[in-house]
Amino acid sequence: MNESTRAAEVPGPVSVNDLTLRVATVNGSGSQTANNTLLRALFHMGLPVSGKNLFPSNIAGLPTWFTIRVSGDGYVAPKRDVNVLVCLNPASAEDDVRSVPPGSLVVYEETLRCERYRDDVVLVAVPFQKLVKEVCEPVALRKLVVNMIYVGVLTELIGIEVAEVKQALDKAFAHKPKALGLNRDAVRAGIEWVRENVSRVSPFRVERMARDEDLILVDGNTAAAVGCVFAGVTVLAWYPITPSSSVAETVAHLGERYRRDPETGETTLAVVQAEDELAAVGMVIGAAWAGARSMTATSGPGISLMSEFVGLGYFAEIPTVIVNVQRTGPSTGFPTRTQQGDLLSAANLSHGDGRHPCLYPSDPHEAYEFAMAAFDLAEGLQTPVFVLSDLDLGMNLWMTKPFEYPEEPICRGKVLDAEGLAKMEDWGRYKDVDGDGVPYRTLPGGADGVGAYFTRGSGHDAYARYTEKGDDYIATMQRLALKLETAKSRVPEPVLDGPGTAVGLLAFGTSHHAVVEARDHLRDELGIETDYLRLRAFPFTDSVREWIEAHERVYVFEQNHDGQMRRMLTMEFPSLGARLHSVLHYDGLPPDARSVWEPIALDAVPSVKGGA
Amino acid sequence: MNESTRAAEVPGPVSVNDLTLRVATVNGSGSQTANNTLLRALFHMGLPVSGKNLFPSNIAGLPTWFTIRVSGDGYVAPKRDVNVLVCLNPASAEDDVRSVPPGSLVVYEETLRCERYRDDVVLVAVPFQKLVKEVCEPVALRKLVVNMIYVGVLTELIGIEVAEVKQALDKAFAHKPKALGLNRDAVRAGIEWVRENVSRVSPFRVERMARDEDLILVDGNTAAAVGCVFAGVTVLAWYPITPSSSVAETVAHLGERYRRDPETGETTLAVVQAEDELAAVGMVIGAAWAGARSMTATSGPGISLMSEFVGLGYFAEIPTVIVNVQRTGPSTGFPTRTQQGDLLSAANLSHGDGRHPCLYPSDPHEAYEFAMAAFDLAEGLQTPVFVLSDLDLGMNLWMTKPFEYPEEPICRGKVLDAEGLAKMEDWGRYKDVDGDGVPYRTLPGGADGVGAYFTRGSGHDAYARYTEKGDDYIATMQRLALKLETAKSRVPEPVLDGPGTAVGLLAFGTSHHAVVEARDHLRDELGIETDYLRLRAFPFTDSVREWIEAHERVYVFEQNHDGQMRRMLTMEFPSLGARLHSVLHYDGLPPDARSVWEPIALDAVPSVKGGA
Amino acid sequence: MAGPKTNRIGLPVTDYRGVSSTLCKGCGHDVISNTLTTALYEMGVEPWRVAKMSGIGCSSKTPAYFLGPAWGFNSVHGRMPSVATGALLANRTLIGLGVSGDGDTASIGIGQFVHMVRRNVPFLYVVENNGVYGLTKGQFSATADEGSRLKDGTVNDFAPIDICTLALELGATFVARAFSADRKQLIEILKAAIAHEGFAVIDVMSPCVTFNNHVGSTRSYDYGRNHEGPIHEFGFVPAWDHPEVGGGGEDTFDVPMPDGGTIRVQRVGRAHDPRDKGAALRLLHEDAESPEYLTGVFYVRAGKPPLPQFLKMVEEPLATLPEARVRPTRETLAEINESYR
Amino acid sequence: MAGPKTNRIGLPVTDYRGVSSTLCKGCGHDVISNTLTTALYEMGVEPWRVAKMSGIGCSSKTPAYFLGPAWGFNSVHGRMPSVATGALLANRTLIGLGVSGDGDTASIGIGQFVHMVRRNVPFLYVVENNGVYGLTKGQFSATADEGSRLKDGTVNDFAPIDICTLALELGATFVARAFSADRKQLIEILKAAIAHEGFAVIDVMSPCVTFNNHVGSTRSYDYGRNHEGPIHEFGFVPAWDHPEVGGGGEDTFDVPMPDGGTIRVQRVGRAHDPRDKGAALRLLHEDAESPEYLTGVFYVRAGKPPLPQFLKMVEEPLATLPEARVRPTRETLAEINESYR
Ligand SMILES: Cc1ncc(C[n+]2csc(CCOP(=O)(O)OP(=O)(O)O)c2C)c(N)n1
Ligand SMILES: Cc1ncc(C[n+]2csc(CCOP(=O)(O)OP(=O)(O)O)c2C)c(N)n1
Ligand code: SF4
Ligand code: SF4
Ligand SMILES: [Mg+2]
Ligand SMILES: [Mg+2]
């Protein structure tokens, strides 16, 4: 062990493939490529990984943390305790170093003198600034390139395969050969520095694992965007807002690439950056009315601004897809923190009666699938549909199954062309012909002069004529409610497990991942068996009701303060309300397993105790 | 009986002080003054009356009905069956005449030849057009004056006291002596025509009653406006929307009259007609932040547009009062029909977590009281507060107790001046000092250079400093939730009756009036005893919970399709959801007693049957 | 026996009418609906290609009162522009025609109006401007003139928003003003606007007989009649009448329209040349100071690509493209997956 | 021992500073914050009378970075105007000062901006105009010039909204443009704006170093430096310096401000007279065609009553009026009751 490494009594032997690595830097410093290189290299070693970026709501200069968890057991929820820390940010170094448990590995820029703060961790002081000078001549680039040095340092320290790091670099800089060279050098410098200066073996290491599955590494916003493009979206209108912007930006980007004819230069996807969310949703409502598959993407404040128009969409029965990448509310809240906080708002959006279908993807693969499914659902039901993602899903990189090409053709729902119309007797735009509440529609501009109708958000009868008659209104409201019933057979069923025990856990979206780990913990460490239902959509299917009915006690785990999903379940299943108990996590960070199992374990439930 | 009156076999004897009188005219025809004259005269005869105006969402030319119920028993909910009909509208005459039960009295313009449609009612064909020519020389005014002729006709036919009609006219035309003369003549002409041409006694008559109470006749919007002015509102910003406009217009009007110094011409009430509801609510939020008692008034679509700002008000803790005069939604819906349809939207308005106190007045006296109380409540809790009225309450005339002068001084809540601030140790804008969740605030512009703070809808700590820390956020959210708990002890308690039986009825706002009558009917005609709770506010007080707990079966009667109040009760009291049953009325018209008792009677509840 | 009279695409005028109006008798808006009926009929517009859009207000109800066989959308208050933008993107073969009120456009709607102009959405936007909110019973709107009075005497203290000036400033390429009582001129303006490609706005003074037609109003029929100042006399000669250059004689000049039609201006009086934006702005700025109510086509310019062209969209309606054109291939998805491996 | 240097109301400049900025190093907005600090200090504005308002964006964060002892309100995106209007009504003795971005003002916020101008709210409205949405990572805003390019090469196809032209058209009485790198001029403009009564708007080009400071941008420091064209050279002489008429000598002319101060314009170069609205409009319209970036005070006019005066409000803050002035008497209520009997 040379001077650069100081070790206290490090408890325990070397731990393999079970570590949480955190890089503390400054935002705007370009560490993202380095972090993703690490993540990708670990991923390609067959290791189950997850990466969480914690960044402030500003553009440059404030502390940022990137945390990678490697879990041989396959858990992807974050863990509270970090065991490998890289300190590069003077502003947060002391806090960062003090936060890790004894025995952790701490790598830091030597001038930060982190050895002042702890003597119960493995300290590796690296002269990052010196090293970067050696490998990177252009002064302006050093700020960026320095990050690759810690990639090298970690590679050597914890045993990442150099070949995988190289490949990850190649991918990242595929079109920038000069940058590739510089970054390669930096990685090499890090590796070599460790080889020359550090003899001690890291207490945390990684080793290649065999992965059966074919997986990809992608963020949820990208996945949702791919889903939209393969759903055949034709009009996208949006307004920038964190953390949803990259949904729209990626749709637009994919549109440029795959939906613009390379020869004619013409596109089949119209994208408008609107002046605000009112306009964005107005455009997609207008587009959907005229027959486009339309969509917008937004987050909390945008949802609020879309409220009036969504009511119009509901009442005038206009299909559109709204992707809501939730962030911490209320109001502006924490724009760069995650939450499942718009559940009630989305499902009940707008004044007056009415509820809207919502889909809750829990990983990028589902974000892809549900985004795609949302279009068929919206057009099938002729109503706005929400895809409720969140910042954690949307902006972090996740291991996920590759996107599967849709086996079913696009389904536009009950759209009549001239021929179809001719076959219908006594067609009425808002007539329930099939008993499912969903009427038949025609698309504006039919060149044959038939099927035109007048759309309005005020009272209308089955033939789309203006009315102020109570009976017409009642009929419409009942039919709209019937559509919600119909929706139950079309939305994704929950993924469930049980009934086997009296205690059930219910979660959805990104809350899922902490539950997976918590259930193992409850069973393995505490002897508490739990069933589990992962909800995937509103309205709730009968299977949800039945599953709850089969359990005495159901813990609803969600990421908000008010217990919004528990409230929604209670509203829909009033007789089951007493069984539902909230387990909440709402500090703006993705939840860890402990947030789930601790309250459940603390909750002295006799039946559970008996079963243990 | 002369030619003008044809009578079929009229069943039964003359009915006294129990009639429903409907005048069918065209909107924009100026019948309102005539209708109000009738109503007022009946009211001054000591009769319990209610008047409902049913008008289309347009300005002139479409059918309008004004319906007066006189009920010796004191019921003010409408009754389905009309027994005195005045037909002046050719467009609706046939339907109108066909709609009344046999034995009704039908007065009509003779040229409408209503005798073609029925022979089982008492028909009085009046030559209105001829008569008006005789009494009103100016041709342009005849359209208006003709209405007073039916006032005269009815006066004589059903026994309204002429002196009371005169007095009502004097009041209506106090400042228009010429019009007074014309209208008096018209009434007289109507009376005389009946005296000369009709010998038959009307099957429905009225007679003076002794009224103990001192009552006034006023609409709910006016009452709410008076409440706001006496609450000391200082900034009103609004945007016109039916049926709420007259709240703002009346506040403005009263402001001109009572809040502008007659000498200096200066006002203590700033009124701005904003460019839309986003601006209106933004202005009142800004005004409240700067220390005004501020308010806005709106209806459904406006509520949707206010969504983002209300979330800011909640999170940044800015008190303001939003009067929502509900109309039939969703979307534009029926702008001139009533509904209790924004219960969920108002209480949960905006994305993210958060709930807002709501008050539910059921008559003008309460509209006055609750509008006033809303300001103290909002400032006391430092949060936006909703007053949820509806079109029926807001735009119809109601008998109600006179407004009582507030005995308590205005309470601005925890506002610190320089002195108060000096006494506080370590003041923080968002610090919970008293354990009730409500912090102390200072008002911008304090001239002493202390107490300034920075308000934002993004993360903030107890000292109003920017934060992105999870702990700060959790503390804030918990404190905000605590404020809602605190609110329970400050909102109006329910008015309740029972527990006495197993069956309870729960209603609120204007749904109350049908319930009063329905309970009598259930008891007297069907032998079903019911307890009753009239809810007056959200959050629900403990007494609401206890009362529900004491009943096996609670019928929640409300005016919307979705059973929104039942849903809210279920959310707040999850273990009681199974006891709550919806009884709904949602055709846009004020509910009658039958809407309440019929479903309850049909509902075969064993415990009720046993009790009967 | 001769059939009913038809237009150049063989339709009778009844196909250009709508359901009967529920507005007040004498309302300026009804005159505009009738004028639209005539103009659309005479221009031989195919009704089923028209998307009639509106917001909320008395004015916004009117799309139901003309061109029955067209597609109508009475959306929400003040937000017609966004809805129309979306519709025209979904199907660029639609003919976009919107009716809005002054409240709907200039009060609640001014933001969306501004951005619609900027985007040059291909759309004929008619503002039925009565200076008040008719449907909510006569409050002032943002176009009410400073100093004008309501029936009850209330005076408007704020400067009006001038729809035409604003549109011009923001780059609109067809900007006109009219008076509903001057049907003759309005028909010609409407025809020219229909012939225009891109965004066209016509600000039409349309008196509200119920709430703003009294003495003291600056939007009454009387006020209009006494103050109307046409900036030129002109007619629209449609393409199928084969307008030759100079065909109107020496006392006229021609402004050719992209559809082959021509605006033919008489060289009398002011004879404003609508191609001259500077002159248009000067006229409008002078107008702001004077009580005269200028009418006519202030500005017209061809050639600015409308939004779908800007975005280089395919010619066909996006709404009905077959799956093969909107869902990328299996190979593309494989390529995408590969990029995330 | 001498204390720290203070201004005319005895405060040190530190009282005019705020918490330290979290913006990117070199951001134009920080320059403006610093300039505001100086201008407010030198004008001797009482910090505790100032309401610092903003919307959402990098620019909208800046009220935290100057004038710490003032009252701040960072509201919601695009809606600062309404919040500010309300605040100034609640307490007309407050000095209203707002900072907004070009996205906040011209994209989402253009509707509220337009109406705030119309209402002549007494407010100094500073637009920190960088042509992009900084905080959401660099998308174009509605003030981006046609043809300008993002870093990734994306070209803006739409015509920009010109805040100054728009404000002038809508009747604003103080309209100016500046460039954040030209601190000297900006200070003078800010001082004059502070001295103005009623609505004042300053559109300041404020480069976003992270997303819009590259070649091809028309909002970069380089672009600003190469294209700035001051329409006059001038200084602001505050009231307490007792500006005499003609005190600047023959080569200047004076524009007196309501607070007793004076804008003193040098008779060199363009020497635009800011009292001449017509000339201002001409300048702005010319500017729209040319690549020159004109800076200076386009227009200033005194005497138009600001909103509280329009409404004839009492002089004192409504916020703290005693009960007796806001709750009518028992007799009044009796009278009201009587009218409904
Ligand atoms: C969000 C919203 N706010 C308010 C209203 C009420 N409202 C209906 S029409 C209207 C004004 C219409 O004025 P204008 O556009 O000038 O049309 P006009 O009736 O004068 O033709 C208003 C305020 C509404 N429907 N929606
Ligand atoms: C309703 C709403 N929509 C979107 C956003 C996201 N957002 C935050 S700042 C911003 C744009 C800011 O641009 P600008 O006003 O130009 O300020 P800059 O950051 O460039 O200074 C956007 C779109 C938001 N906060 N609220
Ligand atoms: S109220 Fe005015 S605008 Fe509305 S229909 Fe009547 S006249 Fe026309
Ligand atoms: S992103 Fe741009 S506008 Fe925002 S702080 Fe950085 S430089 Fe300034
Ligand atoms: Mg109008
Ligand atoms: Mg910007």
Side-chain angles (χ1 to χ4, degrees), chain B residues 26-30 32 55-64 91 143 175 221 237-249 252-253 255-256 270-282 297-306 325 327 329-333 335-336 395, chain C residues 20-27 29-30 54-62 64-65 73-79 83 101-113 130 132-144 150 152-154 156-158 161 208-213:
Chain B
V26 165
N27 75 336
S29 66
Q32 211 175 327
F55 56 105
S57 176
N58 99 324
I59 300 301
L62 293 184
T64 305
K143 197 181 113 192
H175 305 290
N221 281 356
W238 69 294
Y239 187 68
I241 186 165
T242 308
S244 76
S245 301
S246 62
V247 173
E249 284 167 336
H253 175 81
E256 285 303 318
V271 179
V272 180
Q273 185 189 304
E275 63 272 27
D276 67 5
E277 291 86 348
L278 270 119
V281 73
T298 189
S299 190
I303 288 293
S304 282
L305 290 174
M306 292 183 182
V325 187
R327 65 189 215 184
S331 196
T332 303
T336 61
M395 294 190 71
Chain C
S20 54
S21 167
T22 60
L23 303 185
C24 305
K25 280 210 180 64
C27 177
H29 302 352
D30 276 340
S54 66
I56 300 284
C58 294
S59 33
S60 291
K61 288 181 176 190
T62 66
Y65 310 147
F73 197 163
N74 185 195
S75 64
V76 293
H77 192 31
R79 321 294 177 188
V83 179
D102 43 317
D104 200 61
T105 295
S107 299
I108 189 171
I110 197 71
Q112 294 213 342
F113 177 77
N130 54 20
V132 291
Y133 300 156
L135 194 55
T136 54
K137 306 211 154 199
Q139 304 86 357
F140 280 125
S141 82
T143 67
L150 289 185
D152 69 3
T154 313
N156 179 40
D157 287 330
F158 303 105
I161 291 178
C208 171
V209 292
T210 303
F211 298 112
N212 205 8
N213 197 32

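Looking at B:Ile241, the atoms closer than 4.5 Å to chain C (heavy atoms on both sides) all sit in the backbone: N, CA, C or O. Interface remark: C:Leu135 contributes backbone and side-chain atoms alike to the contact with chain B (heavy atom separation under 4.5 Å). Both the backbone and the side chain of C:Thr22 come within less than 4.5 Å of a heavy atom in chain B. No part of B:Pro301 comes within reach of chain C, as not one of its non-hydrogen atoms sits under 4.5 angstrom from that chain. C:Ile110 does not touch chain B: none of its heavy atoms, backbone or side chain, sits under 4.5 Å away. The contact between C:Phe211 and chain B is made entirely by side chain atoms (from C-beta outward), counting heavy-atom distances below 4.5 Å.
Inter-residue side-chain proximity for C:Ser54 and C:Ser75 is flagged as unmet; no heavy-atom pair is nearer than 4.5 Å.
Annotation: maximal heavy-atom pairing with chain B below 4.5 Å, among C:Lys25, C:Lys137, C:His77, occurs at C:His77. Ranked by non-hydrogen atom pairs under 4.5 Å with chain B, the options C:Gly103, C:Ser107, C:Gly134 are led by C:Ser107.
Applying the side-chain hydrogen bond (donor to acceptor under 3.5 Å, both in side chains) criterion to C:Ser141, with sequence neighbours excluded, gives C:Asp102, C:Thr143. B:Gln32 is linked by a side-chain hydrogen bond (donor to acceptor under 3.5 Å, both in side chains) to nothing, counting only residues two or more places apart in sequence or in another chain.
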Taking it one step at a time, do B:Glu277 and B:Trp238 satisfy side-chain contact (heavy atoms from CB on, under 4.5 Å)?
CA-CA 7 Å; B:Glu277 291 86 348; B:Trp238 69 294; over 6 Å; no

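Salt-bridge check for C:Lys61 with C:Asp30: failed, with every basic side-chain N at 4.0 Å or more from each acidic carboxylate O.
Applying the side-chain contact (heavy atoms from CB on, under 4.5 Å) test between C:Phe140 and each of C:Thr154, C:Asp157, C:Asn212 identifies C:Thr154 as the sole match.
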